[in-house]
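Structure, as structure tokens:
Each chain gets a letter, A, B and so on, in the order its sequence line appears, and its residues count up from 1.
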Amino acid sequence: MIIDHPLLGPRDSSEFTYMGDAALIDRPDPEAEDAAQAFYEYAYLRDNPAGWHRELWFHEAGDRSWLVVTRNTLTHEISNVELARDVARSRGRSA
Amino acid sequence: MHDLTPTPALGVEARTIGSVTITENSGVALASVAARRGESDVCANGLKALLGAVPEVGRAVLHDPEAGFWMGPDQWMIGAPMATHEDLADQLKVRFGTAASVTEQSGAWVVFDVTGDSMPDLCELLCNIAIRKMKAGDVQRTVIHQLGCFVIRRASDDHIRILGPRAAAGSLHHALVTAAKSIAQAPGTAEGRPVA
Amino acid sequence: MRMKTAAQKNRLQGGQIDRETELTFTFDGKRYRGHGGDTLASALLANGVRLMGRSFKYHRPRGPVSAGSEEPNALVELRSGDRQEPNTRATTAELFDGLQARSQNRLGSLSFDLLAVNDRLSNFLTAGFYYKTFMWPKAFWEKLYEPVIRRAAGLGSLSLREDPDVYDKGFLHCDLLVIGAGPAGLMAALTAARSGVDVILADEDFRMGGRLNAETLTIDAAPAADWAARTVAELADLPNVRLMPRTTVIGAFDHGIYGAVERVSDHLAAPQPDKPRQILWRIYTRRTVLAAGAIERPIAFQNNDRPGIMTASALRTYANRYGVAVDRRAMIFTNNDDGHRTAADLQAKGIKVIVADVRPETPRALDYEVLAGAQVTDTMGRLGLTFVKLQLADGSERMVECGALGVSGGWNPNVHMTCHHRGRPQWNERLAAFVPDSRPGGLPEGMTVAGAANGDFSTAAALEGGARAARAVLDLRGALPEIPKAEDRPVRLQPFWQVKGAGRAWIDQQNDVTVKDVTLSHQEGFRSVEHLKRYTTLGMATDQGKTANIGGLAIMAELAGKSIPEVGTTIFRPPYTPVAIGVLGGRHRGQQFHPKRLTPSHAWAQEQGAVFVEVGNWLRAQWFPRTGETTWRESVDREVLATRGSVGVCDVTTLGKVDVQGADAAEFLNRIYCNGFAKLPVGKTRYGLMLREDGIAMDDGTAARLAEDHFVVTTTTANALSVYRHMEFVRQCLVPDMDVQLISTTEAWAQFAVAGPKARRVLEKIVDQDISNDAFPFMACANVTVCGGLRARLFRISFSGELAYEIAVPTAYGDALIRRIMAAGAEFGITPYGTEALGVMRIEKGHAAGNELNGTTTALNLGMARMVSTKKDSIGAVLSRREGLNDPGGLRQVGIRPADRADQIPAGAHLMAATGPVDAAHDQGYVSSACYSPTLGHHIALAFLKNGANRLGETLRVVSPLTGVELAVEVCSPHFVDPEGDRLRA
């Protein structure tokens, strides 16, 4: 596969390490009342759909960016690639 | 002044195989510079003052005595002659202050210069980069013989510089040499491989 | 002395062979001659040899069916000794002088194969026979039936020696990849190349031109092969074209990545020195034109597998390209006009030809006999065809004496590569064949198909199709280039798959699958094409049914009373043709399987005679044997005692190091470590434990605060990469606005542990600053200088439990520093120690390592529960508090020692009560690390024991049913040596 890195352009997927569901960005609030349940779901109940999926890929043999890759797991079609840091910020993560 | 003698990563002589020459270059001091949060502009100005320009994504600024290339978002590698810049990291720390995080990298890398007409053929056996489309100053991080390396296309057309992990210098050199032998044309033949 | 060889009795005039070059080769030990440009098959046929192998199951005599890579039958062993290579297609093996070839799958000689008895047993060896016939008694399967069947059925044999050749892998990039260099491929490449884009043209053959080399057609009034040669020459002169003959594109992978195997040296007896035998290329292309041609298909009839029976086009190729008559008398059995083209070509070469055409209406023949409405009903000839039996249109029979029978059931577009992304070829009624699915999404992205592969069977259509495909796929503007003039005959064919009869008619010759097998499979309910394939093995093995599949489908359709498109088709997967494992491995074998990472003290350690061990890719000194030491234990015990008694030194460069800088560096470490770092003063180091988000321990190490905004984090050697990746994940994805920058510095610093009561005395001679206990206490860290000014880092940390330091200098000075440390320590008898002594000392001290941080243990298990701060958020903190992980009776790390101090405790053994049953239900825990402690003089171990913290002093049993060990042990503190830590702080 070829991943169109937002900064570096098309790069072979063999340069990347895969970590699955990009929902890992949405780490629950540890202070919340239901933190235990929320973390349980966060750690264990991840999606693995046959079809479009937002996934985390790490450009290990490249610029060390984590990317969010929107990929169809049936066809390997990739429709969008974003820097995970940008995605994280857009989802309200900061420090 | 201390009295310890440095050793090169490999300490091998330059080797010419066919039309490719592979030379270990122990004379490069290296340090990384990463912009602190909110200091991108200050850091960029520092780089500009140092190199004449800020290396863009995937690019190097081949400047003397310091040169630099882009490593990742807000992160650059600076190189300079070891003879005059052994304390490069300290120099950069002074220059950038709290605008950037500076890390000494001299010891982490082995540097090979590869030159010669068949350099692109060599690259095709070594790593997944479109070497024939690379221009002077293009830099790519890639994998050679399972090792994460930087490949920098230098000013002269037939020259690349490879930065590889120092501890694996022997394996990397072996990979370069075997690939060079593989593409070298047998003496007396006009072409390496039959075309048709 | 030159051995005598017979004349090439079936060699004709003409062809694309080099008659000036005479090559000598052997087949089954007998010597023959051929020419440059021959394949092994064409040269053998020129010498009158039709019999080239025995079939897979029935050991039937077999000869080539084709003249190309689709060959199911003529598989031979090439070369000898360590270069012996089984299952090579004689039809593609390029002849070279001195080639040695042998037939395979025979017991005895090829002409008298003892296993030919299987042919008489064929009633027991039908489809799925191994599921039925040999089921009983059960034990006989493994011991008797399977070995016997495997011995009898099979292909070639391996040399069982190491391959002496090398293989390369490489990467190519282009705008257009053209697969196949026939008329369509050449025109596509030419059209694209003239527009200036980068083109790769790959063809599996050693001579480009495809069928143009095998035809008597003309292009622009000149022989087609000449046009092909001229076009190839023009392409070769263009700087933007890379011609790759002898290169098989094996697969279409995602996003325009193609795999290709270039056979660099297969046409030589041995590769040139240092040159690869083959290269596996990964080709990255924007667009692809697939011009893979078409494959002629056979017709099934009784005994259609005798040597001398092949596709009509193969007969034509042998005659036109190689100047070879398979026999001077030939028959053609056809259902279409193309069979007549073969007949005309053979007749023109002086071969006597008769055509049996199943159609009542046939083209008018000029100079050969045509039997309209005739069918071949049987053949004769024990080791090769001698007679063909025909049923004529009027029902009468006729015997024809001939040694060659060319069969043409029509042509199948070569759709293999169009299926690699699960594309399903579509049935074309006019051609009675499957053609590529040209609807949107039907082909791999970026691919277009041209020429015969697309069902355009005339030369003119192929030439134009190639040019148009290149233009379309590259979006080129401007006029179509001039298309050379060539024949444009339409396809005329009457679908015809089998001649009905009582005897066996082969569909898949490689797997010995007959019409009967397909019928049986249908009767037994295997009615999907995929089931048919698995049950009968139709279309499996080296040729993957390139000539067989369609025949099987047609017969299945007939049995089911359906049309072929209703039955459907199996699809193809990579690779297109078999690929040697060697080329997939490339250079990564033997010593080069992985890169080797050497520590900065490697050369010095080698001088000391160190024994090395691989840790990840690192080579680390395991121990340093001295003269007179006969076992590793002697060396290790000495190293431990010397270190604890005086001072030792060990290279610890391999531990991962990450430079963490930025205003939020401390807060960042607070987040990744379960224990606190915010308040760690500058100049201090702290042990840190990282958890995974699920609460399980991930890795441990130290973080040294060199400045307010600068830490150096260490990781274990094994987890250096994954911990760095995790830290980047946290930085970029969880805390994107923290001011923190990371970079690995593992290899930037050479780092040595100097440990033992005399460690300070040694380092005082090296470090330029005051390192007294007051100035540089336990867990201190600092940037220092050594040997009169070299920048260095010093950490007062200890894995061994002794007074210890780790000192780091830029890697280039590592060799000099280890020699200086040894010199400085000489007066104290400083002893280098390896990873074994390191391991013994950490077990004696009760420090967890990889065996304890094994992916199942928590901080609580490790006895570090209090480290998990509840005052702050850190990765894994929430889930570490789960009830299930906090069972008071759960596993705790303890020490154990044998009740009889002479006993040895095996690592991995389980703990059971002192008496009672030994089973999983009574399991109390397990031993994670064990060693002999030279300090204590007996074996010791670390273990995880249920409720262990409260069971010190108990006696338990250690059992290892695997090794038969069962012995009594005592539970004790895991800190065997210096539990109070006085030595550390000395």
Check: C/H255 side chain, A/H76 main-chain N or O, donor-acceptor pair, under 3.5 Å: yes
Pair A/D12-C/Y284, side-chain contact (heavy atoms from CB on, under 4.5 Å): steps then yes or no: CA-CA 9 Å; A/D12 192 285; C/Y284 295 77; 2.4 Å; yes
Closest non-hydrogen atom pair between C/V878 and A/P30, with its separation: CG2-CB, 3.8 Å
Any side-chain heavy-atom pair of A/L83 and C/Q732 under 4.5 Å: no
Residue part contacting chain C, namely of A/L24, when any heavy atom lies under 4.5 Å: both
Interchain contact, C/R671 with chain A, by part (heavy-atom threshold 4.5 Å): side chain
Choice from A/E60, A/R91, A/E77, A/M19 maximising heavy atom contacts with chain C below 4.5 Å: A/E60
Per-residue contact mode, C/R422 against chain A (heavy atom under 4.5 angstrom): neither
Heavy-atom closest pair, residues A/A88 and C/P736: CB-CG, 3.9 Å
Pick from C/L879, C/L734, C/D694 with the largest number of heavy-atom pairs that fall under 4.5 Å of chain A: C/L734
Full working for salt bridge (Lys or Arg N to Asp or Glu O under 4.0 Å) between C/D737 and A/R93: CA-CA 8 Å; C/D737 288 337; A/R93 303 213 70 88; over 6 Å; no
Contacting region of C/Y724 [heavy-atom separation from chain A under 4.5 Å]: side chain
A/Y40 atom OH, over 12 foreign heavy atoms within 6.0 Å: no
Heavy-atom check, side chain of C/R731 versus side chain of A/R85, under 4.5 Å: yes
Toward chain A, the part of C/S744 with a non-hydrogen atom under 4.5 Å: neither
Salt bridge (Lys or Arg N to Asp or Glu O under 4.0 Å) assessment of C/D873 paired with A/R27: CA-CA 12 Å; C/D873 175 28; A/R27 188 170 181 269; 2.9 Å; yes
Step-by-step side-chain contact (heavy atoms from CB on, under 4.5 Å) determination, C/H421 to A/T75: CA-CA 8 Å; C/H421 295 178; A/T75 62; over 6 Å; no
Max heavy-atom pair count under 4.5 Å with chain C, selected residue of A/A84, A/A43, A/S65, A/P10: A/S65
C/R573, CZ atom: more than 12 neighbouring heavy atoms under 6.0 Å: no
Aromatic plane relationship, C/F729 with A/W66 - under 30° parallel, 30 to 60° tilted, over 60° perpendicular: perpendicular
Contact class of C/L742 relative to chain A, heavy atoms under 4.5 angstrom: neither
C/R725 (side chain) donor-acceptor with A/F58 (main chain) under 3.5 angstrom: no
Test item: A/I2 and C/D254 side chains (from C-beta on) under 4.5 Å apart, heavy atoms: no
Minimum heavy-atom distance C/C733-A/L56, with the two atoms named: SG-CD2, 4.2 Å
C/F593, CZ atom: more than 12 neighbouring heavy atoms under 6.0 Å: no
Under 4.5 Å from any heavy atom of chain A - which part of C/R882: side chain
Exceeds 12 heavy-atom contacts within 6.0 angstrom, atom CD of C/Q592: yes
